[in-house]
Amino acid sequence: MGVNLTPLVKPKKIGLQGVRGRVLAVDALNSVYQFLALVRDERGMLFTNSRGEVTSHLIGLLSRYSRLAYEYDASFIFVFDGSPHPLKARELEKRKKQREKAKQEYAELLSKGDLRKAFSKAVVSAEVDDRIVESTKRLVRLMGFPVVDAVHDAEAQAAYLVKRGEAWAVSSMDWDSLLYGSPRLVRYLTLTGFEWLPSKQKARKLIPELVTLEELLSGHGITLRQLVDIAILVGTDYNEGVKGVGPLRALKMIKRYGSLENLPVSVRRHLPENYEAVRQIFLNPPLNEKYSLSFSPPDKEGLMKFLVDENDFSPKRVEVYLRRLEAAYERRKGGLTRFLA
DNA sequence: CGGTACAA
DNA sequence: TTGTACCGG
(Lines give C-alpha, C1' and ligand atoms only; values in the text may rest on other atoms or scores of the structure.)
Protein backbone atom coordinates (compact mmCIF):
# COMPACT_ATOMS: atom_id res chain seq x y z
CA MET A 1 0.00 0.00 0.00
CA GLY A 2 3.02 2.27 0.12
CA VAL A 3 3.76 4.99 2.63
CA ASN A 4 1.12 7.20 4.23
CA LEU A 5 2.16 10.81 3.74
CA THR A 6 -1.36 12.22 3.41
CA PRO A 7 -1.30 14.51 6.49
CA LEU A 8 1.98 16.12 5.39
CA VAL A 9 1.09 16.94 1.80
CA LYS A 10 -0.93 19.82 0.37
CA PRO A 11 -1.69 18.73 -3.18
CA LYS A 12 -2.72 21.33 -5.73
CA LYS A 13 -5.87 20.51 -7.68
CA ILE A 14 -4.87 20.81 -11.33
CA GLY A 15 -7.75 19.04 -13.09
CA LEU A 16 -7.31 17.28 -16.39
CA GLN A 17 -6.22 20.54 -18.04
CA GLY A 18 -3.21 20.43 -15.73
CA VAL A 19 -1.71 17.50 -17.64
CA ARG A 20 -2.32 18.96 -21.11
CA GLY A 21 0.64 18.25 -23.38
CA ARG A 22 2.58 16.48 -20.60
CA VAL A 23 4.40 13.16 -20.59
CA LEU A 24 3.54 11.09 -17.52
CA ALA A 25 5.55 8.18 -16.12
CA VAL A 26 2.75 5.81 -15.15
CA ASP A 27 3.19 3.20 -12.42
CA ALA A 28 1.59 0.67 -14.74
CA LEU A 29 0.56 -1.99 -12.24
CA ASN A 30 -0.73 0.61 -9.81
CA SER A 31 -3.09 1.64 -12.59
CA VAL A 32 -3.94 -1.99 -13.44
CA TYR A 33 -4.90 -2.65 -9.80
CA GLN A 34 -7.43 0.15 -9.96
CA PHE A 35 -8.99 -1.27 -13.11
CA LEU A 36 -9.12 -4.78 -11.66
CA ALA A 37 -10.79 -3.37 -8.57
CA LEU A 38 -13.44 -1.40 -10.41
CA VAL A 39 -14.05 -2.61 -13.96
CA ARG A 40 -16.58 -5.26 -12.97
CA ASP A 41 -20.15 -6.19 -13.67
CA GLU A 42 -23.01 -5.70 -11.21
CA ARG A 43 -22.14 -8.91 -9.35
CA GLY A 44 -18.54 -7.85 -8.88
CA MET A 45 -17.27 -10.27 -11.55
CA LEU A 46 -14.31 -9.31 -13.72
CA PHE A 47 -14.71 -9.08 -17.47
CA THR A 48 -13.15 -12.02 -19.32
CA ASN A 49 -12.63 -13.31 -22.86
CA SER A 50 -14.16 -16.57 -24.10
CA ARG A 51 -11.25 -18.52 -22.59
CA GLY A 52 -12.04 -17.10 -19.16
CA GLU A 53 -8.97 -14.81 -19.10
CA VAL A 54 -9.40 -11.43 -17.40
CA THR A 55 -9.82 -8.41 -19.70
CA SER A 56 -10.98 -5.70 -17.25
CA HIS A 57 -7.54 -4.09 -17.18
CA LEU A 58 -7.43 -3.93 -21.00
CA ILE A 59 -10.81 -2.17 -21.12
CA GLY A 60 -9.66 0.36 -18.53
CA LEU A 61 -6.24 1.03 -20.07
CA LEU A 62 -7.65 1.52 -23.56
CA SER A 63 -10.40 3.91 -22.65
CA ARG A 64 -8.48 6.01 -20.11
CA TYR A 65 -5.16 6.47 -21.87
CA SER A 66 -6.50 6.79 -25.42
CA ARG A 67 -8.78 9.57 -24.28
CA LEU A 68 -6.18 11.39 -22.19
CA ALA A 69 -3.90 11.25 -25.26
CA TYR A 70 -6.61 12.37 -27.65
CA GLU A 71 -8.38 15.05 -25.62
CA TYR A 72 -5.53 16.38 -23.49
CA ASP A 73 -2.55 15.71 -25.75
CA ALA A 74 -0.92 13.80 -22.91
CA SER A 75 1.51 10.95 -23.46
CA PHE A 76 2.66 8.10 -21.27
CA ILE A 77 5.64 5.98 -20.38
CA PHE A 78 4.45 2.79 -18.67
CA VAL A 79 6.82 1.65 -15.93
CA PHE A 80 6.55 -1.93 -14.62
CA ASP A 81 7.72 -3.42 -11.35
CA GLY A 82 10.69 -5.78 -11.56
CA SER A 83 11.41 -8.54 -9.04
CA PRO A 84 10.29 -7.48 -5.57
CA HIS A 85 13.03 -6.21 -3.28
CA PRO A 86 13.86 -8.96 -0.74
CA LEU A 87 12.87 -6.65 2.12
CA LYS A 88 9.37 -6.36 0.62
CA ALA A 89 8.59 -10.07 1.12
CA ARG A 90 6.85 -9.53 4.47
CA GLU A 91 4.59 -6.83 3.03
CA LEU A 92 3.70 -8.98 0.01
CA GLU A 93 2.84 -11.90 2.27
CA LYS A 94 0.53 -9.62 4.27
CA ARG A 95 -1.27 -8.45 1.11
CA LYS A 96 -1.66 -12.02 -0.13
CA LYS A 97 -3.38 -12.98 3.13
CA GLN A 98 -5.70 -9.97 2.86
CA ARG A 99 -6.64 -10.97 -0.71
CA GLU A 100 -7.34 -14.57 0.25
CA LYS A 101 -9.54 -13.51 3.14
CA ALA A 102 -11.45 -11.11 0.89
CA LYS A 103 -11.90 -13.83 -1.76
CA GLN A 104 -13.50 -16.18 0.77
CA GLU A 105 -15.77 -13.48 2.13
CA TYR A 106 -16.74 -12.58 -1.43
CA ALA A 107 -17.86 -16.14 -2.17
CA GLU A 108 -19.86 -16.31 1.07
CA LEU A 109 -21.61 -12.98 0.52
CA LEU A 110 -22.43 -13.91 -3.04
CA SER A 111 -24.02 -17.21 -2.01
CA LYS A 112 -26.12 -15.28 0.51
CA GLY A 113 -27.17 -12.94 -2.30
CA ASP A 114 -25.67 -9.79 -0.73
CA LEU A 115 -24.42 -8.32 -4.00
CA ARG A 116 -23.41 -4.90 -2.72
CA LYS A 117 -21.21 -6.21 0.07
CA ALA A 118 -19.85 -8.93 -2.22
CA PHE A 119 -18.70 -6.28 -4.66
CA SER A 120 -16.73 -4.46 -1.97
CA LYS A 121 -14.88 -7.70 -1.16
CA ALA A 122 -14.20 -8.39 -4.83
CA VAL A 123 -12.44 -5.05 -4.95
CA VAL A 124 -10.03 -6.00 -2.14
CA SER A 125 -9.38 -9.42 -3.69
CA ALA A 126 -7.98 -7.98 -6.96
CA GLU A 127 -4.85 -9.86 -7.94
CA VAL A 128 -2.25 -9.25 -10.67
CA ASP A 129 -0.76 -12.43 -12.15
CA ASP A 130 1.87 -12.92 -14.88
CA ARG A 131 -0.71 -13.13 -17.63
CA ILE A 132 -2.17 -9.78 -16.62
CA VAL A 133 1.29 -8.19 -16.57
CA GLU A 134 2.16 -9.62 -20.00
CA SER A 135 -1.15 -8.63 -21.58
CA THR A 136 -0.76 -5.11 -20.17
CA LYS A 137 2.71 -4.78 -21.71
CA ARG A 138 1.48 -6.11 -25.02
CA LEU A 139 -1.46 -3.69 -25.14
CA VAL A 140 0.63 -0.66 -24.15
CA ARG A 141 3.20 -1.41 -26.87
CA LEU A 142 0.46 -1.89 -29.49
CA MET A 143 -0.98 1.48 -28.44
CA GLY A 144 2.43 2.99 -29.25
CA PHE A 145 3.64 3.86 -25.76
CA PRO A 146 7.07 2.87 -24.38
CA VAL A 147 7.41 0.19 -21.70
CA VAL A 148 10.18 0.52 -19.10
CA ASP A 149 11.08 -2.32 -16.73
CA ALA A 150 12.22 -1.33 -13.24
CA VAL A 151 14.83 -3.33 -11.34
CA HIS A 152 12.54 -3.53 -8.30
CA ASP A 153 9.88 -0.91 -7.54
CA ALA A 154 8.31 0.85 -10.55
CA GLU A 155 7.97 4.02 -8.45
CA ALA A 156 11.77 4.26 -8.17
CA GLN A 157 12.27 3.97 -11.92
CA ALA A 158 9.39 6.35 -12.67
CA ALA A 159 10.90 8.93 -10.28
CA TYR A 160 14.22 8.57 -12.12
CA LEU A 161 12.54 9.24 -15.49
CA VAL A 162 11.10 12.47 -14.10
CA LYS A 163 14.47 13.49 -12.60
CA ARG A 164 16.06 12.89 -16.01
CA GLY A 165 13.43 15.06 -17.70
CA GLU A 166 12.02 12.17 -19.76
CA ALA A 167 8.62 12.68 -18.12
CA TRP A 168 7.01 15.67 -16.42
CA ALA A 169 5.57 13.77 -13.45
CA VAL A 170 4.91 10.33 -12.04
CA SER A 171 1.28 9.23 -12.21
CA SER A 172 0.27 6.98 -9.31
CA MET A 173 -2.10 6.77 -6.37
CA ASP A 174 0.81 6.04 -4.02
CA TRP A 175 3.23 8.53 -2.45
CA ASP A 176 6.39 6.43 -2.76
CA SER A 177 7.77 8.13 -5.88
CA LEU A 178 8.30 11.28 -3.77
CA LEU A 179 10.52 9.30 -1.39
CA TYR A 180 12.47 8.17 -4.44
CA GLY A 181 12.97 11.86 -5.26
CA SER A 182 10.44 12.43 -8.03
CA PRO A 183 10.11 16.22 -8.47
CA ARG A 184 6.40 15.84 -9.30
CA LEU A 185 3.59 13.41 -8.60
CA VAL A 186 0.11 13.45 -10.15
CA ARG A 187 -2.61 11.59 -8.24
CA TYR A 188 -6.15 10.74 -9.34
CA LEU A 189 -5.44 10.86 -13.06
CA THR A 190 -8.86 9.55 -14.07
CA LEU A 191 -11.47 10.80 -16.51
CA THR A 192 -14.60 10.66 -14.41
CA GLY A 193 -12.87 11.59 -11.20
CA PHE A 194 -14.38 9.12 -8.80
CA GLU A 195 -12.75 7.08 -6.10
CA TRP A 196 -14.63 4.08 -4.84
CA LEU A 197 -14.62 3.78 -1.05
CA PRO A 198 -15.46 0.13 -0.35
CA SER A 199 -15.89 0.72 3.38
CA LYS A 200 -18.52 3.41 2.84
CA GLN A 201 -20.11 1.85 -0.25
CA LYS A 202 -19.86 5.26 -1.85
CA ALA A 203 -17.98 7.01 -4.61
CA ARG A 204 -16.25 10.31 -3.86
CA LYS A 205 -15.59 12.89 -6.52
CA LEU A 206 -11.93 13.61 -7.15
CA ILE A 207 -9.98 15.73 -9.57
CA PRO A 208 -6.33 15.23 -10.57
CA GLU A 209 -3.87 16.67 -8.05
CA LEU A 210 -0.23 17.70 -8.30
CA VAL A 211 2.32 17.30 -5.52
CA THR A 212 5.65 19.07 -5.93
CA LEU A 213 8.55 17.58 -3.97
CA GLU A 214 10.25 20.98 -3.59
CA GLU A 215 7.11 22.50 -2.05
CA LEU A 216 6.60 19.50 0.22
CA LEU A 217 10.17 19.74 1.55
CA SER A 218 10.42 23.54 1.82
CA GLY A 219 6.93 23.72 3.33
CA HIS A 220 8.14 21.66 6.29
CA GLY A 221 11.74 22.84 6.21
CA ILE A 222 13.12 19.33 5.71
CA THR A 223 15.41 17.53 3.29
CA LEU A 224 14.55 14.48 1.16
CA ARG A 225 16.67 12.37 3.50
CA GLN A 226 14.59 13.61 6.42
CA LEU A 227 11.37 12.84 4.54
CA VAL A 228 12.63 9.28 4.10
CA ASP A 229 13.42 9.11 7.82
CA ILE A 230 9.85 10.23 8.56
CA ALA A 231 8.55 7.47 6.28
CA ILE A 232 10.66 4.86 8.08
CA LEU A 233 9.21 5.96 11.42
CA VAL A 234 5.66 5.74 10.03
CA GLY A 235 6.26 2.47 8.19
CA THR A 236 7.01 1.62 4.56
CA ASP A 237 6.67 -1.44 2.33
CA TYR A 238 10.10 -2.43 3.67
CA ASN A 239 9.66 -1.96 7.42
CA GLU A 240 7.05 -1.81 10.16
CA GLY A 241 6.63 1.66 11.58
CA VAL A 242 7.15 2.56 15.21
CA LYS A 243 3.94 1.89 17.12
CA GLY A 244 2.03 5.06 18.01
CA VAL A 245 4.01 7.23 15.58
CA GLY A 246 2.04 8.64 12.65
CA PRO A 247 3.12 11.13 10.00
CA LEU A 248 2.64 14.23 12.17
CA ARG A 249 4.57 12.92 15.19
CA ALA A 250 7.28 11.58 12.90
CA LEU A 251 7.66 15.01 11.29
CA LYS A 252 7.89 16.70 14.67
CA MET A 253 10.55 14.26 15.87
CA ILE A 254 12.70 14.46 12.76
CA LYS A 255 12.49 18.26 12.72
CA ARG A 256 13.53 18.37 16.36
CA TYR A 257 16.28 15.75 16.30
CA GLY A 258 17.41 15.95 12.67
CA SER A 259 17.71 12.27 11.84
CA LEU A 260 16.93 8.73 13.00
CA GLU A 261 20.40 8.47 14.54
CA ASN A 262 19.78 11.44 16.84
CA LEU A 263 16.38 10.33 18.16
CA PRO A 264 16.17 9.70 21.90
CA VAL A 265 16.94 6.09 22.65
CA SER A 266 13.35 5.53 23.86
CA VAL A 267 12.18 5.95 20.25
CA ARG A 268 15.29 4.68 18.51
CA ARG A 269 15.12 1.28 20.14
CA HIS A 270 11.79 0.68 18.36
CA LEU A 271 13.39 1.19 14.93
CA PRO A 272 14.18 -1.87 12.82
CA GLU A 273 17.85 -2.87 12.96
CA ASN A 274 18.14 -2.58 9.20
CA TYR A 275 16.77 0.95 8.91
CA GLU A 276 19.87 2.11 7.04
CA ALA A 277 19.17 -0.50 4.34
CA VAL A 278 15.59 0.78 4.04
CA ARG A 279 16.88 4.34 3.78
CA GLN A 280 19.20 3.31 0.95
CA ILE A 281 16.32 1.63 -0.95
CA PHE A 282 14.73 5.07 -1.26
CA LEU A 283 17.83 7.29 -1.55
CA ASN A 284 19.90 5.07 -3.81
CA PRO A 285 17.74 2.42 -5.51
CA PRO A 286 19.11 0.21 -8.31
CA LEU A 287 17.90 1.64 -11.61
CA ASN A 288 17.50 0.50 -15.18
CA GLU A 289 19.61 2.94 -17.20
CA LYS A 290 19.26 1.10 -20.51
CA TYR A 291 15.60 1.82 -21.15
CA SER A 292 14.48 2.96 -24.57
CA LEU A 293 11.68 5.46 -25.04
CA SER A 294 10.21 5.15 -28.48
CA PHE A 295 6.73 6.52 -29.07
CA SER A 296 5.14 4.83 -32.10
CA PRO A 297 1.89 5.15 -34.00
CA PRO A 298 -0.70 2.63 -32.82
CA ASP A 299 -0.41 -0.79 -34.50
CA LYS A 300 -3.80 -1.20 -36.17
CA GLU A 301 -3.46 -4.82 -37.28
CA GLY A 302 -1.83 -5.79 -33.99
CA LEU A 303 -4.59 -4.17 -31.93
CA MET A 304 -7.34 -5.80 -33.99
CA LYS A 305 -5.75 -9.24 -33.68
CA PHE A 306 -5.07 -8.89 -29.95
CA LEU A 307 -8.32 -7.26 -28.92
CA VAL A 308 -10.92 -8.55 -31.39
CA ASP A 309 -9.57 -12.01 -32.33
CA GLU A 310 -7.96 -13.00 -29.04
CA ASN A 311 -9.99 -11.07 -26.47
CA ASP A 312 -13.48 -10.74 -27.98
CA PHE A 313 -13.62 -6.94 -28.10
CA SER A 314 -16.15 -5.40 -30.48
CA PRO A 315 -14.32 -4.17 -33.60
CA LYS A 316 -16.38 -1.00 -33.56
CA ARG A 317 -15.09 -0.03 -30.14
CA VAL A 318 -11.51 -0.87 -31.02
CA GLU A 319 -11.78 1.41 -34.04
CA VAL A 320 -12.79 4.28 -31.78
CA TYR A 321 -9.71 3.76 -29.57
CA LEU A 322 -7.54 3.43 -32.66
CA ARG A 323 -8.77 6.70 -34.17
CA ARG A 324 -8.06 8.54 -30.92
CA LEU A 325 -4.54 7.12 -30.68
CA GLU A 326 -3.76 7.85 -34.33
CA ALA A 327 -5.00 11.44 -34.06
CA ALA A 328 -3.08 11.98 -30.82
CA TYR A 329 0.12 10.57 -32.31
CA GLU A 330 -0.11 12.69 -35.46
CA ARG A 331 -0.82 15.82 -33.44
CA ARG A 332 2.19 15.29 -31.17
CA LYS A 333 4.43 14.47 -34.13
CA GLY A 334 3.28 17.63 -35.91
CA GLY A 335 3.88 19.68 -32.80
CA LEU A 336 7.39 18.31 -32.47
CA THR A 337 8.20 19.05 -36.12
CA ARG A 338 7.06 22.64 -35.67
CA PHE A 339 9.15 22.91 -32.55
CA LEU A 340 12.28 21.62 -34.29
CA ALA A 341 11.79 23.83 -37.37
C1' DC B 1 -13.40 2.67 -14.81
C1' DG B 2 -15.41 4.92 -18.73
C1' DG B 3 -19.28 5.29 -22.61
C1' DT B 4 -23.91 6.26 -23.77
C1' DA B 5 -28.73 7.24 -23.62
C1' DC B 6 -32.43 9.42 -21.65
C1' DA B 7 -34.81 12.09 -17.85
C1' DA B 8 -35.92 16.28 -15.36
C1' DT C 1 -26.40 20.74 -16.58
C1' DT C 2 -26.71 16.86 -13.44
C1' DG C 3 -28.65 12.44 -12.22
C1' DT C 4 -29.46 7.69 -13.09
C1' DA C 5 -29.51 3.32 -15.33
C1' DC C 6 -27.32 0.09 -18.06
C1' DC C 7 -23.38 -1.87 -20.86
C1' DG C 8 -18.58 -3.34 -22.06
C1' DG C 9 -15.74 -8.93 -22.58
Side-chain angles (χ1 to χ4, degrees), chain A residues 15-17 19 24 26-74 76 78 102 106 115-116 118-129 131-136 138-140 142-143 145 171-174 186-209 298 302-328:
Chain A
L16 288 168
Q17 295 297 343
V19 299
L24 284 308
V26 179
D27 181 345
L29 298 185
N30 185 279
S31 177
V32 162
Y33 265 109
Q34 292 168 50
F35 293 132
L36 293 180
L38 290 152
V39 182
R40 289 167 182 260
D41 67 18
E42 49 288 332
R43 299 179 68 219
M45 298 295 284
L46 289 159
F47 287 75
T48 58
N49 61 24
S50 59
R51 296 188 302 282
E53 296 164 338
V54 173
T55 54
S56 289
H57 58 306
L58 306 178
I59 298 171
L61 285 158
L62 273 166
S63 50
R64 177 186 292 175
Y65 295 105
S66 69
R67 233 187 95 183
L68 288 172
Y70 176 64
E71 279 185 31
Y72 298 93
D73 206 17
F76 308 96
F78 288 86
Y106 169 69
L115 298 185
R116 279 171 65 89
F119 192 101
S120 74
K121 296 296 173 185
V123 166
V124 183
S125 68
E127 192 167 8
V128 171
D129 60 20
R131 203 202 67 86
I132 288 175
V133 173
E134 288 315 307
S135 55
T136 302
R138 188 165 164 207
L139 176 63
V140 162
L142 290 169
M143 290 169 81
F145 299 118
S171 169
S172 173
M173 299 293 272
D174 291 345
V186 172
R187 301 182 82 222
Y188 309 130
L189 186 59
T190 63
L191 293 168
T192 49
F194 281 91
E195 183 187 40
W196 180 252
L197 302 167
S199 53
K200 296 187 178 173
Q201 299 268 310
K202 262 190 187 166
R204 156 168 79 119
K205 197 165 194 173
L206 288 171
I207 68 163
E209 296 178 350
L303 282 168
M304 283 295 175
K305 180 171 179 291
F306 179 53
L307 294 168
V308 179
D309 300 348
E310 297 176 30
N311 285 288
D312 309 315
F313 278 63
S314 118
K316 240 180 107 183
R317 274 175 195 268
V318 176
E319 269 163 31
V320 172
Y321 300 133
L322 194 68
R323 276 200 294 276
R324 288 183 194 162
L325 291 167
E326 277 169 348

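A note on names: the letters A, B, ... follow the listed sequences, proteins ahead of strands, and every chain is numbered from 1.
Residue T55(A) is classed as a sugar-phosphate contact, given heavy-atom separations below 4.0 Å to backbone atoms only. Contact annotation for S314(A): backbone-only contact, meaning every heavy-atom pair under 4.0 Å involves sugar-phosphate atoms and none involves a base. Across all strands, R43(A) comes closer than 4.0 Å to no nucleic acid atom at all (heavy-atom distances).
Taking atom CG on N30(A) and atom P on dC1(B), their separation rounds to 13 Å, with Å as the unit. When rounded to the nearest whole Å, the span between CD of E71(A) and C1' of dG2(B) equals 12 Å. Counting to the nearest Å, the C1' atom of dC1(B) and the CD atom of E42(A) are 15 Å from each other. Between the OH atom of Y321(A) and the P atom of dG8(C) there is a distance of 12 Å, given to the nearest Å. Distance F35(A) CZ to dG3(B) C1': 14 Å, rounded to the nearest Å. Here dG8(C) presents its P atom at 7 Å from CZ of R317(A), a figure rounded to the nearest Å.
Residues forming a side chain to side chain donor-acceptor pair (under 3.5 Å) with Q17(A) (at least two apart in sequence, or on another chain): R20(A). The side chain to side chain donor-acceptor pair (under 3.5 Å) search around R138(A) returns E310(A), not counting sequence neighbours. Listed by chain and number, the residues in a salt bridge (charged side-chain N to carboxylate O under 4.0 Å, His left out) with R67(A) are E71(A) (sequence neighbours excluded). By the salt bridge (charged side-chain N to carboxylate O under 4.0 Å, His left out) test, E127(A) pairs with R99(A), K103(A), sequence neighbours left out. Under the side-chain contact (heavy atoms from CB on, under 4.5 Å) criterion, A37(A) pairs with V123(A), sequence neighbours left out.
Of all the residues in residues 56-67 of chain A, S63(A), R64(A), R67(A) reach under 4.0 Å from DNA chain B with at least one non-hydrogen atom. Less than 4.0 Å separates DNA chain C from at least one heavy atom of each of the following residues of residues 305-313 of chain A: N311(A), D312(A), F313(A).
By the 4.5 Å heavy-atom criterion applied to side chains, P298(A) and L303(A) are counted as neighbours. With a 4.5 Å cut-off on side-chain heavy atoms, V26(A) and S172(A) do not count as touching.
The listed nucleotides are dG8(C), dG2(B), dC1(B); the one nearest the side chain of F47(A) is dG8(C).
Here ring-ring contact (aromatic ring centres under 6.0 Å, His included) pairs that include residues 37-66 of chain A, with residues two or more places apart or in two chains, are Y65(A)-F76(A), Y65(A)-F78(A). Residue pairs that meet the salt bridge (Lys or Arg N to Asp or Glu O under 4.0 Å) test with at least one member in residues 35-52 of chain A, sequence neighbours left out, are R51(A)-E53(A).
Remark: R324(A) is not in phosphate contact with dG2(B), judged by side-chain N or O atoms under 4.0 Å from OP1 or OP2.
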